2 protein chains.
Amino acid sequence: MFARIDHVGVAVEDLDAAIALYETTYGMALVHRETVTEQGVEAVLLDVGENHVELLAPLGPDTPVGKFLAKKGPGMHHVAYQVADIDATLEALKAAGTRLIDETPRIGIRGSRVAFLHPAATGGVLTEIVEPAHGPQ
Amino acid sequence: MFARIDHVGVAVEDLDAAIALYETTYGMALVHRETVTEQGVEAVLLDVGENHVELLAPLGPDTPVGKFLAKKGPGMHHVAYQVADIDATLEALKAAGTRLIDETPRIGIRGSRVAFLHPAATGGVLTEIVEPAHGPQ
């Protein structure tokens with residue numbers, strides 16, 4: 001069902017400091033940067049092998065990531081698994097009785113299609129599935 | 001420096017329920033199960049592509065994962081990156097001034113060599129590096 005880990009999402013307070021850590025200290029290549037106004041977030045994607053790290057900085061305190069930071073502080077926010085066909089995966093998850101945040105896919109960064117599963121159904125792990133825009137990348 | 005995400009570590013209260021979720025609902029293959037008495041944990045490894053999910057159940061409340069669960073509840077515990085040479089990686093991290101939990105590698109599950117970076121140095125993300133026992137696997 002899941003092809004690989006697509007990325008680990010990390011909530012950060014200071015995006016420049018986080019980029020310095022992942023790019024300079026860890027040696028990951030920064031491959032994408034996008035502000036998603038409707039999600040209230042600035043997202044930065046770095047490559048680590050076939051996987052990615054997604055740094056998430058809130059555009060304000062009254063956003064999902066802003067509220068996460070206020071409650072839990074900076075740290076791991078979610079894990080995303082790559083799928084070849086997100087529609088089929090969502091149908092299979094629904095058939096298995098899995099509670100979803102997104103019943104239908106929405107557009108993620110880099111033109112991907114994404115959906116979040118509900119943490120109540122995933123042992124407290126905010127879990128995303130991602131169908132990349134141009135197949136596995 | 002980092003070859004890929006080796007695994008995401010997930011703290012769980014009910015190991016059988018977590019295995020059912022990852023194995024049956026998500027379709028991941030359970031490839032390893034190990035009790036690490038000195039870490040106070042029962043660990044289960046599942047494959048997802050070249051990556052893994054590591055489920056961590058505490059052997060008691062007075063263990064690191066037991067304390068994590070009491071404080072934060074079940075959910076993501078750490079992320080681990082695969083490296084080819086953990087000694088060289090630790091030297092490079094030390095040279096960059098990165099604060100470490102493990103100054104020298106210790107033995108992880110499946111005979112791997114592992115070390116943890118300090119969350120204070122990693123933006124709140126408990127970060128592990130892993131040199132697999134027999135090269136990337």
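Every value quoted in this text rests on a predicted model; they were computed, and no experiment measured them. Proteins come first, then strands; the chains are lettered A, B, ... in the order of their sequence lines, and each starts at number 1.
- There is no contact between B:I129 and chain A, counting heavy-atom distances below 4.5 Å.
- For residues 114-124 of chain A, no pair satisfies salt bridge (charged side-chain N to carboxylate O under 4.0 Å, His left out), with sequence neighbours left out.
- Residue B:A96 touches chain A through its side chain alone, counting heavy-atom pairs closer than 4.5 Å.
- Interface check for chain A: of the options B:A17, B:G73, B:G123, the most heavy-atom pairs under 4.5 Å are formed by B:G123.
- Contact tally against chain B (heavy-atom pairs below 4.5 Å) for A:P119, A:G124, A:A92: the top residue is A:G124.
- Taken to the nearest 0.5 Å, the CG atom of A:L56 stands 9.0 Å off from the CG atom of A:L69.
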Are there donor-acceptor pairs under 3.5 Å across chain B and chain A? List atom names and distances.
from  : atom 1 : to    : atom 2 : distance (Å)
B:A3  : O      : A:G49 : N      : 3.3
B:R4  : NE     : A:E50 : OE1    : 3.4
B:R4  : NH2    : A:E50 : OE2    : 3.1
B:I5  : N      : A:N51 : OD1    : 2.9
B:G49 : N      : A:A3  : O      : 3.3
B:E50 : OE1    : A:R4  : NE     : 3.4
B:E50 : OE2    : A:R4  : NH2    : 3.1
B:N51 : OD1    : A:I5  : N      : 2.9
B:N51 : OD1    : A:N51 : ND2    : 3.0
B:N51 : ND2    : A:N51 : OD1    : 3.0

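- With a threshold of 4.5 angstrom between heavy atoms, A:L117 approaches chain B through side-chain atoms but not through N, CA, C or O.
- Across A:I86 and A:A115, no two heavy atoms sit closer than the pair CD1-N, 3.7 Å.
- Residues A:V12 and A:L59 are members of separate hydrophobic clusters, defined by side-chain heavy-atom contacts under 4.5 angstrom among Ile, Leu, Val, Met, Phe, Trp and Tyr.
- The nearest pair of heavy atoms linking B:P58 to B:G66 is CB-N, 3.4 Å.
- Looking only at side-chain heavy atoms (C-beta outward), A:V48 and A:L46 stay at 4.5 Å or farther from each other.
- Among A:A11, A:G27, A:P74, the residue with the largest count of heavy-atom pairs under 4.5 Å with chain B is A:P74.
- Residue B:V79 touches chain A through both its backbone and its side chain, counting heavy-atom pairs closer than 4.5 Å.
- In this structure, chain B has heavy atoms under 4.5 Å from both the backbone and the side chain of A:V8.
- Contact annotation for B:I5: both backbone and side-chain heavy atoms come within less than 4.5 Å of a heavy atom of chain A.
- The hydrophobic clustering, which links ILVMFWY residues whose side-chain heavy atoms are closer than 4.5 Å, places B:V125 and A:I19 together.
- A:L93 CG to A:L100 CG: the interatomic distance, rounded to the nearest 0.5 Å, is 6.0 Å.
- Contact between A:P132 and A:V83 at its shortest, heavy atoms only, is CD-O, 3.8 Å.
- B:A133 and B:G111 make their closest contact through CB-O, 3.4 Å (heavy atoms, listed as atom of the first residue, atom of the second, distance).
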